[in-house]
Colleague: 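Below is one structure. I have some questions about it.
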Amino acid sequence: MNWLKPWRRLAIYLRDGLQCLWCGLTVEDGIKLTLDHALPRSAGGGNETTNLFTCCLSCNASRANNDLVSFAFEKSTDFIDATEILAHIRAQLSTDI
């Protein structure tokens, strides 16, 4: 967790409402927050705030190196579809911190 300054990590968590942008669970639900890279580091993504968003440990581990679109379709449900998940993630990434 030392790869990002604590104040920047907290700013991203707060920007994203302390919730996993994949599954929607919050810290009040008992999840452990982590940061996910929109473009994985293995594919050239960096640690800029425009490439990082909040997710739970479970979703982060499940995604691994899958691209955003593929994983959004895996996470879609009867209540929220992949396009809504992706739109929300992209909106958060474009929000200035």
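Numbers here are sequence positions counted from 1. Fair warning: this is a prediction, and the values are worked out from it, not measured in the lab.
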Colleague: For the NZ atom of Lys5 and the CG atom of Leu10, what is their distance to the nearest 0.5 Å?
Modeller: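 Spacing of NZ (Lys5) from CG (Leu10) equals 14.5 Å.
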
Colleague: Is the backbone of Leu39 close enough, under 3.5 Å, to the side chain of Asn51 for a donor and an acceptor to pair up by distance?
Modeller: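 Yes; at least one donor-acceptor contact below 3.5 Å.
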
Colleague: Is there a path from Leu18 to Trp22 through hydrophobic residues (I, L, V, M, F, W, Y) whose side chains come within less than 4.5 Å of each other?
Modeller: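 Each belongs to a different hydrophobic cluster.
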
Colleague: Measure the spacing between OG1 of Thr26 and CD1 of Ile31 and express it to the nearest 0.5 Å.
Modeller: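 Result: 6.5 Å between the selected atoms.
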
Colleague: Quick one: does Ser70's side chain have a donor or acceptor within less than 3.5 Å of a partner on Asp67's backbone?
Modeller: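 Judged by distance alone, no pair lies under 3.5 Å.
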
Colleague: Give the intermediate values and the outcome of side chain to side chain contact (heavy atoms under 4.5 Å, CB included) for residues Gln19 and Leu25.
Modeller: CA-CA 6 Å; Gln19 75 173 26; Leu25 294 177; over 6 Å; no

Colleague: Just by modelled atom types, is the Tyr13 backbone N or O under 3.5 Å from a matching donor or acceptor in the Asp16 side chain?
Modeller: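 Not a single qualifying donor-acceptor pair exists.
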
Colleague: Check whether any side-chain N or O of Asn66 sits under 3.5 Å from a backbone N or O of Arg63 as a donor-acceptor pair, and report yes or no.
Modeller: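 Side chain of Asn66 to backbone of Arg63, a donor-acceptor pair under 3.5 Å: yes, one is there.
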
Colleague: When rounded to the nearest 0.5 angstrom, what is the spacing between SG in Cys55 and CZ in Phe71?
Modeller: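 That separation rounds to 8.0 Å.
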
Colleague: Please confirm whether the backbone N or O of Ser76 pairs with a side-chain atom of Asp81, one donor and one acceptor, at under 3.5 Å?
Modeller: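 Judged by distance alone, no pair lies under 3.5 Å.
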
Colleague: Calculate, to the nearest 0.5 Å, the distance between atoms CD1 and OG belonging to Ile89 and Ser94 respectively.
Modeller: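 Reported value, rounded in 0.5 Å steps: 12.0 Å.
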
Colleague: Using side-chain heavy atoms (C-beta onward) and a distance below 4.5 Å, is Val69 in contact with Leu86?
Modeller: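 Yes, at least one pair of side-chain atoms sits under 4.5 Å.
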
Colleague: Ile12 pairs by side-chain contact (heavy atoms from CB on, under 4.5 Å) with which of Leu93, Leu33, Ile97?
Modeller: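 The option that passes is Ile97.
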
Colleague: Is a donor on one side and an acceptor on the other found under 3.5 Å between the side chain of Gln92 and the backbone of Arg15?
Modeller: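 Side chain of Gln92 to backbone of Arg15, a donor-acceptor pair under 3.5 Å: yes, one is there.
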
Colleague: Over all heavy atoms of both residues, which pair between Cys56 and Cys20 is shortest? Give the atoms and the distance, please.
Modeller: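 For Cys56 versus Cys20, the nearest heavy atoms are N-SG, 3.3 Å.
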
Colleague: Look up atom OG1 in Thr34 and atom CZ in Arg9, then write down how far apart they are to the nearest 0.5 Å.
Modeller: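 One gets 8.0 Å once the value is rounded to the nearest 0.5 Å.
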
Colleague: Check the hydrophobic clustering (I, L, V, M, F, W, Y; side-chain heavy atoms under 4.5 Å; chains of links allowed) and say if Leu14 and Leu52 are grouped together.
Modeller: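 Both belong to a single hydrophobic cluster.
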
Colleague: Strictly distance-based, threshold 3.5 Å: is any side-chain N or O of Asn60 a donor or acceptor partner for the main-chain N or O of Leu35?
Modeller: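 Yes; judged by distance alone, with no hydrogens or angles, the pair exists.
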
Colleague: Rounded to the nearest 0.5 Å, what separation is found between the SG atom of Cys23 and the NZ atom of Lys75?
Modeller: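 Those atoms lie 5.5 Å apart.
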
